[in-house]
Visitor: 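Have a look at this one before I ask anything.
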Amino acid sequence: MADTNVTDKVSPILDVDKIRQDFPVLSKTIHGKPLIYLDNGATTQKPWAVINRVKEFDSDEYGTVRRGAYKLCEDSTKYYEETRQKVADLLGTPNKNEIVFTSGTTQSINLVAHSFSRRFINEGDEIIISNIEHHANTVPWQIVCQERGAKLKVIPVSDSGELIMEEYEKLLSDKTRIVAVNHVSNALGTVNPVREITEKAHAIGAKVLIDGAQSTPHLKLNVKELDCDFYTFSGHKMYGPSGIGGLYGRMELLEEMPPYVTGGDMIMQVTLEKTTYAKPPAKFEAGTPPISQVVGLGAAIDYITNIGLDKIFDYELELLEYGTEVLKQVPGLRIIGNAKDKASIISFYHDSVHPHDIVTLMDQEGIELRGGHHCAQPTMIRFGVPATARASMSFYNKKEELDALAEAMKKAVKMFEG
Ligand code: PMP
């Protein structure tokens, strides 16, 4: 655990003061207090590199993609495809056509759930998720089960917030068609053993989708080493624009799966009688995409890869350990989710101060936190709490900010307990 001594507050891993200058919002004040932004699990702030690249593209270079053979269109198409290559490099696939742009993780999971199920899921088949999934990785599978007559099975979770792997193994059977779990839980911060989950699913012939919404900003990834079949991400959680994200899909599967959204750009040929489809990824990218957002995503990937995901992970782990330690010193505060492997997310609960009150009181101190069920109501039910407050850290956060949170929490507890 990190020492809470003042001399320890400057990390040797990253020059955080310098990094903070890249993010204009971080120098703002909220209610007259310096902003302490700790809701990075919901969405991250943008560096100048992203803001300026989108502005430059929109002012000087904007055109549609894939259609006309004129300069603006050719250049936009080039930038669009360059970002696809950057995503492929970030996720570790040598084939950039295995990357489909979507509006984000929610759409990526819906794409897989509905398209994969139409081709591969039939009555009596089984789908496995876990008890610590975001609703985006729960509701689509429930709908698929209703529509296809399949059954949803759920991996239980231990009191510390870890998936119970022996129970997972018992759920796997020759009826299992797909296992869909997150890499990092947004509600608890647990890092799931996705390599092992994939290996066990593949051993019985099932496919695996990994919801990477919370892992792509923090972990160095390689989908080929993980050997998963699908991996999803959201641009706005990795310092890029909102409205853009994507899906890695194994090419053989993308080729076999039917289109999800249909219309322009996803076709090979259309007659009034019949349509043939374009090859992936175009088959899954119907309509005019969010072009500026894709360009901004490319700038965000450049930004984080320049810092280095190894360094980001190590520094954020330092923040996690430090934050855990200082928050534990708040009387009565309970951390929900104490897995051995965690990303920089701390969910907590206090019997005397409701999470919504915590968020309001922290906001008065300039500290922006999330309070609620985090779109993970089954997780809240499992841990017997209506909601939690959540501090989710980024590499631009500082230990002093976590001290400020712990102090403000002590003040709030005193106020409520009298
Ligand atoms: N899965 C997880 C684990 C998440 O944290 C989120 C966002 N909170 C989502 C899925 C949904 O992502 P988006 O809203 O970007 O589609």
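Counting starts at 1 for both ligands and their atoms, following the listed order. This one's a predicted model, so the numbers in the text were calculated from it and none came from an experiment.
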Visitor: Have a look at ligand 1 and work out which part of Asp211, if any, has a heavy atom under 4.0 Å from it: side chain, backbone, both or neither.
Guide: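 Near ligand 1, Asp211 shows its side chain, while the N, CA, C and O stay back.
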Visitor: Please report the closest heavy-atom contact between Ser215 and Tyr231, naming both atoms and the distance.
Guide: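 Scanning both residues completely, I find the closest heavy atoms to be OG-OH, 2.6 Å.
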Visitor: Just heavy atoms, cut-off under 4.0 Å: does His236 contact ligand 1 by side chain, backbone, both, or neither?
Guide: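 The part of His236 near ligand 1 is the side chain, not the backbone.
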Visitor: When the ring planes of His135 and His373 are compared, do they come out parallel, tilted or perpendicular, using 30° and 60° as the limits?
Guide: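 If you compare the ring of His135 with that of His373, the planes turn out tilted.
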Visitor: Between Lys411 and Glu407 (salt bridge meaning N to carboxylate O under 4.0 Å), is one present in this structure?
Guide: no
Visitor: Under the criterion salt bridge (charged side-chain N to carboxylate O under 4.0 Å, His left out), which of Lys151, Lys153, Arg148 is the partner of Glu126?
Guide: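 It is Lys153, the one option of Lys151, Lys153, Arg148 that forms the salt bridge (charged side-chain N to carboxylate O under 4.0 Å, His left out) with Glu126.
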Visitor: Tell me: protein heavy atom nearest atom 16 (O) of ligand 1, and distance?
Guide: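 The answer is Thr106 OG1, 2.6 Å.
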Visitor: Does an N or O from Lys237, backbone or side chain, lie closer than 3.5 Å to an N or O of ligand 1?
Guide: yes
Visitor: What are the two closest non-hydrogen atoms of Ile210 and Asn182, and how far apart are they?
Guide: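 So the minimum-distance heavy-atom pair works out to CG2-C, 4.3 Å.
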Visitor: Would you mind finding which of His374, Gln214, His134, Arg370 brings a heavy atom closest to atom 6 (C) of ligand 1?
Guide: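 Looking at heavy atoms only, the winner is His134.
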Visitor: Would you say Gln107 has any N or O atom under 3.5 Å from an N or O of ligand 1, going by distance alone?
Guide: no
Visitor: May I ask which of Ser234, Ser185, Ala187, Ser215 has a heavy atom nearer to atom 12 (O) of ligand 1 than the others do?
Guide: Ser234
Visitor: Indicate yes or no: does Glu255 engage Lys283 in a salt bridge with an N to O separation below 4.0 Å.
Guide: no
